[in-house]
Enquirer: 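Encoded as structure tokens, here's the structure I'll be asking about.
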Amino acid sequence: MAVGLHPVKRLPFWPGISAAALVVALTFGTVLVVALRADGAGALTRYDWLAVRFTVVQALVSAALSCALAVPVARALARRDFIGRGALITLLGAPFILPVIVAVLGLIAVFGKSGLLSQALAFAGFGPVSIYGFHGVILAHVFFNLPLAVRLILHGWLAIPAERFRLAAGLGFTPRDIFAHLERPMLREVLPGAFVVIFVICTTSFAVALALGGGPKATTVELAIYQAFRFDFDLAKAALLSGVQVAICVIAALVALRVQVPQIGGGGLDRTVQRFGKTSTLTGALDTFWIAFAALFLLTPLAVLIARGAPELFSLPASVWQAAGRSVMVALASTAVTMAIGLSVALACLRAGWIEALGLVVIAASPLVMGTGLFIVIFPFAKPSDFALPVTALVNATLSLPFVLRAILPELRGIEARFGPLADQLGLTGWARVRMVLLPRLKRPLGFAAGLSAALSMGDLGVITLFADPKAATLPLQLYQLMGAYRMDQAMGAALVLLALSLGLFYGFDRGGRADADA
Amino acid sequence: MKTTLTLSAVLWSTATLASAETLTVYAPDYFGSEWGPGPAIAAAFGELCDGCELEYVTGDLLPRLKLEGARTDADVAIGFNTDVMKDARETGLFAPSNVDLSGLTLPIAWDDDIFVPFNWGYTAFVYDNTKIANPPTSFKALVESDEDWNIAIQDPRTSASGLALILWAEAVFGEDTPAMWAQFAPKIITVTQGWSEAYGLFTDGEVDMVLSYTTSPAYHIIAEEDDTKSAALFSEGHYFMAETAAQLASTDQPELAQKFMDFILSEPFQSLIATANWSYPAALPMDQWPEAFSQLNYPETALFYSEDEAAALKDEALDAWLSAFTQ
């Protein structure tokens, strides 16, 4: 790739390094702060080690299943065109950005003992199914992460230049040839990254395990951290567990870097065009099956949530709407910070690949430990609730960074490989190169990343609790308060508002990024 | 002219001082929320102290106070469960309450010099009486029942009611507790982190019984006119839980804090508890409770471990529970 001049030196580097340093301070610095504040060293019990084992096993299974299912779904979506395809792709992304508690309510309504599936089975003469236990955790994790895997892989598919498919059609490639020469190399590049991101997300899973795990057998490390805080405020143990969690994710990141291969060169004409060549009826039927499977699995719980929440919409108290407005503001602020940090770190990654691994390890950071660490640092100087907004924005930005990098980096690398030499010849460097060469071509992943970040921070609850101002509650907090006051029905209404706003923000950004994708 | 200015400046500053008198109260999330008892209590207190303001800061009480130490802004902290009192006391952050406890109407004796109870309740398993016609009449009967009931409980490590459950079990089963958990575990379909999630599963019909409080049915009766929810009464007795308040030794407004502490056991405060907190008031005779509360089944025996007994038992009780649930 690099002949003579090293092309990536032509891009801004230091802003990314500074942003990465800030992120490191937030993730690892806060663990250190918490550990220093603790009295003495922590010790892990037998149950903590059980939690570590469970965490790794369930994360491996969840990631493997999510990726395995995502490949046929993404391929079907990539090569089929039908009315409402764009809307379906957006909707299929919804589970990933749902606040966990909302999603769990939806899953239980479908897969629970009195859920739709059990009712259908009873109709057919079978007993009800149970959602609680190891398989419940896996089911929920696949529900959350299948959409992410589909999107990441779909991006990979759409990034294959259409000219190659045209050439393949011209050469009379069979589907198997196309797979071997075009699709497998793409999957070889995209899958390890997707697998590791999902593995790491599942590693830090918290609420899912508690809601659906069925008991202490299904305790994750993040949950053990929460328990250490709640049960005897054992900061030393919390910091230690947080270290274990980071270690698991570092190992995962290192493995990912080893198996990752650079994209095979040879650029196209920079357009995404429909596929060429005919496909058989069988492939068509299979594609239909996979799209229907994904739609049914991912959208039924959402439909149930809508059906239950809609009648409550008009009886929601004004405070819920105010909280909704506040949450949107926080989400937009977080997104602005995320995009600034994300883009600069991505540019720095081009020059120093190891930063990418760092970006991944960030997911391993426990929001609880991060929040506590920041609280310890801020409290001696100022009132933490005065910093609620900046802290929330910063922490959310940090936690979404890995997704942003995952979405931007592969395309960024591809663009640099294709257009870097030309830009070099033209002497196009620095921010001008970012603005004129990279940004226009990064629109789609940038829009996707911004939408993701906005939606994720919309549903965020964890970080703000220590910084929260009760008069300025966010929507997820309001939802928990309704549930805690027996108002389950109104909580379902609030959940629907949250769902609609999260999806709306995601759609707004993602749509903005895809506006000219067909041009 | 100059004198008038100075005078008005002095008047002005005292006026702002008086109106800016704010009592900072740390409280759990549920308490300070729009749907908790907090807002009504703040309004009632405002009338009592000539327009002073009561400001809630919500979140996990004890962790936060431990992080902040003596530099905390809190004047009063309200919402400590009986199970964290010992831990809270040992921080040394709290001052004696100086509150007259003679009006307490608790089922147990209470003479704590720091923590003032403001509400209380009993843990209980709540069920739908249209689906379960013959509820168990003892804890033992529940554990040994042949019915394939699905039950949701809360994790003792993250939830006060969950912790009360394992102490309740110790009080009822003593040395047999580990064996009891092994027998009981298959009926418990899920363990949630907090009360809300478990109770939500119950109202959704996902579980047949849920660990909650004897007062839970009162909410359904009063707020929803729904009398299908009942608490199963056990002959062995029910575990007593109270929520308490304490004033901070480091408060910069000791008089106002004291005023609030005294307010806690007064009638205006206590009469708000039943239907805003959905629990029993700590200092109000039963005949003054709302009708729906006096209609409820009422346990005859209160089981309770003092904080020292509970502290001595806690680790063993948790281990018994954990080992049964990790089999």
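In what follows, chains are A, B, ... by sequence order, proteins preceding strands, each numbered from 1.
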Enquirer: Got a second to check how far A/Leu212's CG is from B/Thr192's OG1, nearest 0.5 Å?
Expert: 11.0 Å
Enquirer: Say you draw a straight line from CZ of A/Phe379 to OG1 of B/Thr72; how long is it, rounded to the nearest 0.5 Å?
Expert: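 It comes to 5.5 Å.
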Enquirer: If you count heavy-atom pairs under 4.5 Å with chain A, which of B/Asp87, B/Ile188, B/Thr203, B/Asp204 comes out on top?
Expert: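 Sorted descending by pairs with chain A, the first entry is B/Asp204.
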Enquirer: Could you tell me which portion of A/Leu50 (side chain, backbone, both or neither) has an atom closer than 4.5 angstrom to a non-hydrogen atom of chain B?
Expert: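 Only the side chain of A/Leu50 comes within 4.5 Å of chain B.
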Enquirer: Kindly compute the distance separating CG (B/Leu201) from NZ (A/Lys113), expressed to the nearest 0.5 Å.
Expert: 11.0 Å
Enquirer: Distance check, rounded to the nearest 0.5 Å: B/Thr158 atom OG1 versus A/Gln227 atom CD?
Expert: 6.0 Å
Enquirer: side-chain contact (heavy atoms from CB on, under 4.5 Å) for B/Gln193 and A/Tyr226? Distances and angles first, verdict last.
Expert: CA-CA 10 Å; B/Gln193 66 178 319; A/Tyr226 180 66; 3.6 Å; yes
Enquirer: If you count heavy-atom pairs within less than 4.5 Å of chain A, which of B/Trp195, B/Tyr30, B/Trp321, B/Tyr219 leads?
Expert: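 Result: the option with the highest number of such pairs is B/Tyr219.
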Enquirer: Are A/Phe233 and B/Leu62 packed together at the side-chain level, in the sense that at least one heavy-atom pair is separated by less than 4.5 angstrom?
Expert: no
Enquirer: For chain B, which candidate among A/Gly136, A/Gly115, A/Ala491, A/Pro380 shows the most heavy-atom pairs at distances under 4.5 Å?
Expert: A/Pro380
Enquirer: So which of A/Gly112, A/Ala228, A/Gly133, A/Ser118 has the biggest tally of heavy-atom pairs under 4.5 Å with chain B?
Expert: A/Gly112
Enquirer: Any chance you could measure A/Leu477, atom CG, to B/Thr58, atom OG1, to the nearest 0.5 Å?
Expert: 6.5 Å
Enquirer: How about B/Asp308: does its CG atom have over 12 heavy atoms from other parts shown lying under 6.0 Å from it?
Expert: yes
Enquirer: Among B/His220, B/Glu197, B/Glu206, single out the residue with the greatest number of heavy-atom pairs under 4.5 Å to chain A.
Expert: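 Looking at each of B/His220, B/Glu197, B/Glu206 in turn, B/Glu206 comes out on top.
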Enquirer: Sort A/Pro317 into side chain, backbone, both or neither according to what part of it lies under 4.5 angstrom from a heavy atom of chain B.
Expert: side chain
Enquirer: Out of B/Gly69, B/Ser216, B/Gly38, B/Ala276, return the one with the most heavy atom pairs under 4.5 angstrom to chain A.
Expert: B/Ser216
Enquirer: Under 4.5 Å, counting heavy-atom pairs only, tell me which of B/Glu68, B/Lys314, B/Lys66 racks up the most with chain A.
Expert: B/Glu68
Enquirer: Under 4.5 Å heavy-atom distance to chain A, tell me which part of B/Leu318 shows up: side chain, backbone, both or neither.
Expert: side chain
Enquirer: Any chance you could measure B/Glu34, atom CD, to A/Gln478, atom CD, to the nearest 0.5 Å?
Expert: 6.0 Å
Enquirer: Are the charged groups of A/Arg46 and B/Asp319 less than 4.0 angstrom apart, N to O?
Expert: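 Between B/Asp319 and A/Arg46 there is no salt bridge, as every charged N stays at least 4.0 Å from the carboxylate O atoms.
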Enquirer: Would a 4.5 Å heavy-atom cut-off, applied to side chains only, mark B/Arg157 and A/Pro216 as touching?
Expert: yes
Enquirer: Give, as side chain, backbone, both or neither, the part of B/Trp35 having an atom under 4.5 angstrom from any heavy atom of chain A.
Expert: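 Looking at B/Trp35, backbone and side chain both touch chain A.
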Enquirer: Using a cut-off of under 4.5 Å on heavy-atom pairs, state which of A/Asp489, A/Leu482, A/Ile108 scores highest against chain B.
Expert: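 Ranked by heavy-atom pairs under 4.5 Å with chain B, first place is A/Leu482.
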